[in-house]
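One structure is given here, and the rest of the page talks about it.
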Amino acid sequence: MVVPVWNGADRLGGTLYSLWQLLESQPYSAELVIVDDCSGPDAARVIESFRRDVGATVLRNARNQGKGFSVARGMLAARGELRVFIDSDLAYPPTEIEAIVDTLEKGSDVAIACRVLPKSRYIMSPT
């Protein structure tokens, strides 16, 4: 799983640990690749602490490159046969990743979650 990150230190620790727990509970092996898009020092500290705790792969962009660059960099660095990315603000529930993986395992080359489709569940953050 690839997670592009830019700042958001106040919610980042909880997000990363919940994603890690989700991956750890799966019947397949998985990796977590965090791409820090040159976050400020607070988010960088959270990411580094998380990396030390769980051993996730962390890539840090030398300068802010944007989400697209960060996702591409993470996808290229990931080693898994199936690769999924999720935004660090968890705009859709991480449990929906299972549907993405299921679609890929059934032979799709690409599966895209969309917040506006009738079957989608989109959760707005109160902050």
Query raised in the report: If you measure from CG on D42 to CG on D10, what distance do you get to the nearest 0.5 Å?
Result: 9.5 Å
Requested in this report: Please examine the side chains of V2 and L32, heavy atoms only from C-beta on, and report whether any two atoms are closer than 4.5 Å.
Outcome: no
Query - same_hphob_cluster(L16, I86) at 4.5 Å side-chain heavy-atom cutoff - result: yes
Query raised in the report: Sequence neighbours excluded, which residues qualify as side chain to side chain donor-acceptor pair (under 3.5 Å) partners of R79?
Result: E31
Query raised in the report: Are V58 and V84 in one and the same hydrophobic cluster, where Ile, Leu, Val, Met, Phe, Trp and Tyr link if side-chain heavy atoms are under 4.5 Å apart?
Result: yes
Requested in this report: Given side chain to side chain contact (heavy atoms under 4.5 Å, CB included), test D87 with K67 step by step and report yes or no.
Outcome: CA-CA 9 Å; D87 293 330; K67 178 181 172 181; 3.0 Å; yes
**Report entry** Candidate list V3, V35, L12, test side chain to side chain contact (heavy atoms under 4.5 Å, CB included), partner I47, passing option
**Finding:** L12
Report summary line: Scanning both residues in full, the closest heavy-atom pair of S70 with P4 reads CB-CB, 4.0 Å
Report task. With sequence neighbours excluded, give me every ring pair (Phe, Tyr, Trp, His ring centres under 6.0 Å) pair touching residues 2-56. Result -> Y17-F50
Report task. Please check if the side chain of S108 supplies one atom and the backbone of L104 the other of a donor-acceptor pair under 3.5 Å. Result -> no
Query raised in the report: Linking I/L/V/M/F/W/Y whenever their side-chain heavy atoms sit closer than 4.5 Å, directly or via other members, would L23 and V71 fall into one cluster?
Result: no
Report task. Take I34 and R51 through the test side chain to side chain contact (heavy atoms under 4.5 Å, CB included) and record every step on the way to the result. Result -> CA-CA 9 Å; I34 301 161; R51 184 198 63 76; over 6 Å; no
Query raised in the report: So, for T15 and S88, which heavy atoms are closest and what is the spacing to 0.1 Å?
Result: CG2-O, 3.3 Å
Query raised in the report: What's the spacing between E81 CD and S29 OG if we round to 0.5 Å?
Result: 10.5 Å
Report task. State the CG-CG distance between D102 and L82, to the nearest 0.5 angstrom. Result -> 10.5 Å
**Report entry** For the student: nearest non-hydrogen atoms of S25 and L22, plus distance
**Finding:** OG-O, 2.8 Å
Query raised in the report: Counting N and O atoms only, with roles assigned by atom type, does the side chain of S49 sit under 3.5 Å from a partner on the main chain of V46, one being a donor and the other an acceptor?
Result: no
Query raised in the report: By side chain to side chain donor-acceptor pair (under 3.5 Å), which residues pair with D37, not counting sequence neighbours?
Result: N61, N64
**Report entry** Within-4.5 Å side-chain heavy-atom neighbours: M1 and V33
**Finding:** no
Report task. Specify the closest pair of heavy atoms between A44 and S39, including all atoms of both residues, with the distance to one decimal. Result -> N-CB, 4.4 Å
Query - salt bridge (charged side-chain N to carboxylate O under 4.0 Å, His left out) pairs, two or more places apart, involving residues 52-61 - result: D36-R60, E48-R52
Query raised in the report: Atom CD of E98 and atom CD1 of I100: how far apart are they, to the nearest 0.5 Å?
Result: 11.5 Å
Query raised in the report: Who passes side chain to side chain donor-acceptor pair (under 3.5 Å) against R83, sequence neighbours left out?
Result: none
Report summary line: Taken in chain and number order and not counting sequence neighbours, the residues that satisfy ring-ring contact (aromatic ring centres under 6.0 Å, His included) with F69 are none
**Report entry** Minimum side-chain heavy-atom gap Q26-V101 below 4.5 Å
**Finding:** no
